[in-house]
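Because the structure is predicted, anything quoted here is derived from the model rather than measured. Below, read A as the first sequence line, B as the second, and so on, with proteins coming before strands; counting in each chain starts at 1. These values consider heavy atoms only, across backbone and side chains, with no hydrogens, waters or symmetry-generated copies.
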There are 4 protein chains.
Amino acid sequence: MKAESGAPLRADARRNRDQIIAAAKTIFVEQGPDAPMEDIARAAAVGVGTLYRRFPDRETLIREVARDNFARVLTEARAALAEEPTAWDALVRFLRFSQELRLSVQLAMLSPQAEAAIACDPLTGEFRRALLGELETVVKNAQAEGALRPDVGAGDVALVFTLLLRQLPNKLDNIESAAERVMGLMLDGLRAQPGSELPGRVLTGEDLLP
Amino acid sequence: MKAESGAPLRADARRNRDQIIAAAKTIFVEQGPDAPMEDIARAAAVGVGTLYRRFPDRETLIREVARDNFARVLTEARAALAEEPTAWDALVRFLRFSQELRLSVQLAMLSPQAEAAIACDPLTGEFRRALLGELETVVKNAQAEGALRPDVGAGDVALVFTLLLRQLPNKLDNIESAAERVMGLMLDGLRAQPGSELPGRVLTGEDLLP
Amino acid sequence: MKAESGAPLRADARRNRDQIIAAAKTIFVEQGPDAPMEDIARAAAVGVGTLYRRFPDRETLIREVARDNFARVLTEARAALAEEPTAWDALVRFLRFSQELRLSVQLAMLSPQAEAAIACDPLTGEFRRALLGELETVVKNAQAEGALRPDVGAGDVALVFTLLLRQLPNKLDNIESAAERVMGLMLDGLRAQPGSELPGRVLTGEDLLP
Amino acid sequence: MKAESGAPLRADARRNRDQIIAAAKTIFVEQGPDAPMEDIARAAAVGVGTLYRRFPDRETLIREVARDNFARVLTEARAALAEEPTAWDALVRFLRFSQELRLSVQLAMLSPQAEAAIACDPLTGEFRRALLGELETVVKNAQAEGALRPDVGAGDVALVFTLLLRQLPNKLDNIESAAERVMGLMLDGLRAQPGSELPGRVLTGEDLLP
DNA sequence: TATGAATGAGTATTCATTCAT
DNA sequence: TATGAATGAATACTCATTCAT
């Protein structure tokens, strides 16, 4: 979670770094990943210079925000897997609590530049891989439990998640249950019960990696 | 479909206008709604001056693109409703063929500015309203047919559509069936069959309008 | 002398372009090649935007200024060669009138960046080559005339020129004759008369080309 | 040679100071006198803070580098004068060995700012004066020896030196003898032998001082 | 005292919009 | 009317200098 340069940051530098990442998350969500760097600096209560000392350019900042996000989600995924009684419950909890992931997804989709910044980052790649690994497990287990329909793979599930995690139209953000209802519909679609036959082949985690 | 100024455009002006809208759609999809105006003008094989004569500023351009899009989708929706044997089929066709809608959705979500440009446009509002009107009908009919689960409203369905119409991660664009599979899962979630109970209240078309 | 893009510039654009090149020369001489672009724009009575439309970045501007300069010098060199009675006179005139060259030389030497901008420009390369070609001729002829010492080549002469064309200490700029005196001393060094033996080998024009 | 503050520096401070001056020389030669202060600090293996403690701003640093340089050259000049058999030999040796001077000259010429920093420094002024004093002596003596042409003054000689000490085009740095050849030509121009008549008046050392 | 983090003014560059041709 | 040149405000990024550790 520390920069790859290796040297541990001085206490104040560390604090600044964290503030900047936090501010960037907020601002990116509000204004998209092209938001003025000065806005981010201001939100972090820091001079632009400091922002640039820590993150040499916007691309780096986006990448670090994405890493931070993926790391948090991975932690949460593992917790869900460890703590929930059934795999299906883990899946549901994971989905419900992973609002963190939303930013990563938006970052990765919102602007072509952002996607480019993240695509070639090896560390983000590792997180993604690890995350999909966990998902493979949950999917397998949930299918063994008979809760999840057998004709889907981790790739299918991840894809569904990806869509669900998109920002809803602002109007609906206010209707508390809107997100939950779509999620419910989707989960019903995933449940093991007589449904339609899905076209094409099962998507695995591999299919989602670059 | 004509500009609100009233005067019908001369043939060549009309052609220019159409070229620009088409170019803008392409560029918006490729680069997002903040793409340089010059890029759009170039793609339309037109000088920036001409672009600005027709659309006084970016906001106007976005708005017109959105109107154009909604209009096409509305046409398609009505055709589906008129031509398909069952309401459920109309729903499916509508969803499957409405890639046009994708741009509107992306426009409305991709950047806060774009959303603002569209939100307060009365004409776009009318299209939206009309579209949701048609959707109410299909939903009602499909429920009467016993094909669609009874505990959802046009708002719920529209919301599902909205999510499905988002751009998939580029990687998956190549897997032909990916989009179809998610759609299948979603449709299974919508089908009338014993599913989980959805939280909150039924969402109507009204809930989606500003 | 026109940009390689090919299309002949509109009259006003042409005028602006020329003004910018002229202004850049002045400013570069006064402040060095790192002078603020805005200063150059202001000196050319033009907005920064215009400057950048014509010359996408500083490097390009430096390169174009260098080209322009070399082209002028080449013209002057040919005139001297054609009009002066002896090759030695042509050499002297060329040297004396080539204050234009001074800027090119300074540009090429003053800052590493400037040198880099020019080094890899093929057109500047051609000018240099052509210039050295003319110089070979004058040198040969002046040696045949018995005026120039026989143990020097075009490279040696060019090198001497290069040094003489450097900016004198400001203090001395005021002493009208200072530059002339150094030039006189140098010409006496070049004259055919019993002098010391020079070390190393004769430098040709080739030796000066990258 | 000590800073004007008076207090003799502690041993380690002294070492720092010397490292910084040495590093600054290197960096100035490589990147010009506008090189980032951090680069200089890094090259001196010292924090920026230390650099600034010793030299409150860039101007001061440049001035100190110039002083150091002039001091070294003066030492060398006196040694040449004392050790060489003839004044002409001293002149030649002085010229040949004074690569140190090159940096001062470049500093003084490379950027207008640097020149300004040096111009008004009394200590540098003294060094210059002393240097020109020595040069007057050598010139007089070399003329008395009949080796140096009688129609030049210390100012002329200094001017010639100044030009010769400029950085040659990089390409030629590789040709070992290039610098020597130009020097040879120049010395031939200075030699007492029938040459052309020089224009203007004899330049004295005074003419070079501000 | 030495260090390197923080600051913010200074500059390069881009691009929306206006205007001359 | 169509064009593309001109403008300058907005924004990215750098680096001299100051200051907390």
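Contact check of residues 36-44 of chain B against DNA chain E (heavy atom, cut-off under 4.0 Å) returns B:Pro36, B:Met37. Within residues 19-27 of chain C, no residue approaches DNA chain F, by heavy-atom distance under 4.0 Å.
We find that CZ of B:Arg58 is positioned 14 Å from P of E:dT18, with the value rounded to whole Å. The CD-C1' distance, from C:Gln31 to E:dT11, rounds to 13 Å in whole Å. Between the C1' atom of E:dG10 and the CG atom of C:Asp34 lies a distance of 14 Å, rounded to the nearest Å. Taking atom CZ of D:Arg14 as the reference point, atom P of E:dT1 lies 17 Å away to the nearest angstrom. Following rounding to the nearest Å, B:Tyr52 (OH) and F:dA5 (P) show an atom-to-atom distance of 16 Å. Between B:Leu51 atom CG and E:dT18 atom P the separation is 12 Å, expressed in whole Å. Atom CD1 in A:Ile62 sits about 11 Å away from atom P in F:dA12, given to the nearest Å. Taking atom CG on D:Leu61 and atom P on F:dC15, their separation rounds to 16 Å, with Å as the unit.
Taking every side-chain heavy atom of B:Arg54 into account, F:dA2 is the closest of E:dA16, F:dA2, E:dA5. In this structure, of F:dC13, F:dG8, F:dA2, it is F:dA2 that holds the atom nearest to the side chain of B:Asn16. Between E:dT17, E:dA5, E:dT3, one nucleotide has an atom nearer to the side chain of D:Thr50 than all others, and that is E:dT3. Looking at the side chain of B:Arg53, the nearest of the listed nucleotides F:dA2, E:dT13, F:dA5 is F:dA2. When the nucleotides E:dT17, F:dG8, F:dT17 are ranked by their closest atom to the side chain of D:Asp57, F:dT17 comes out on top. The listed nucleotides are F:dG8, F:dA2, E:dA5; the one nearest the side chain of A:Asp12 is E:dA5.
When all heavy atoms of B:Ala117 and B:Glu59 are compared, the pair lying nearest together is CB-CG, 3.3 Å. In plain terms, the two heavy atoms of A:Thr124 and A:Arg67 that are nearest each other are OG1-CG, 3.5 Å. Between C:Ser104 and C:Ala66, the closest heavy-atom pair is OG-O, 4.3 Å. Considering all non-hydrogen atoms of both residues, A:Pro122 and A:Cys120 come closest at CD-O, 3.3 Å. In this structure, D:Glu38 and D:Val48 approach most closely via the heavy-atom pair CG-CG1, 3.9 Å.
Nearer the 5' end of DNA chain E, as judged by each residue's closest nucleotide, is the contact made by A:Ala45, out of A:Ala45 and C:Arg15. Heavy-atom nearest nucleotides on DNA chain F were determined for B:Val46 and for D:Glu59, and the one closer to the 5' end corresponds to B:Val46.
Taken together, the paired segments of DNA chain F that extend over three or more consecutive Watson-Crick or G-U pairs, each closer than 3.5 Å at both contacts, are E:2-21 with F:2-21.
In terms of modelled atom types and a separation under 3.5 Å, the side chain of A:Arg17 and the main chain of A:Phe55 share no donor-acceptor contact. Using modelled atom types, one side-chain atom of B:Arg58 and one backbone atom of B:Pro33 make a donor-acceptor pair closer than 3.5 Å.
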With a 3.5 Å cut-off and sequence neighbours excluded, list the donor-acceptor pairs that the side chains of residues 18-28 of chain B form with protein atoms.
from    : atom 1 : to      : atom 2 : distance (Å)
B:Asp18 : OD1    : B:Arg14 : NH2    : 3.1
B:Lys25 : NZ     : B:Asp68 : OD1    : 2.8
B:Lys25 : NZ     : B:Asn69 : OD1    : 3.3
B:Thr26 : OG1    : B:Ala22 : O      : 3.1

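With salt bridges taken as basic N to acidic carboxylate O contacts below 4.0 Å, none links B:Glu64 and B:Arg54.
Annotation: side chain of A:Leu61 is in contact with side chain of A:Leu51 (closest heavy-atom distance under 4.5 Å).
The list of salt bridge (Lys or Arg N to Asp or Glu O under 4.0 Å) pairs with a residue in residues 41-52 of chain C, not counting sequence neighbours, reads C:Asp39-C:Arg42.
For C:Asp12, the side chain to side chain donor-acceptor pair (under 3.5 Å) partners two or more places apart in sequence, or in a different chain, are C:Arg10.
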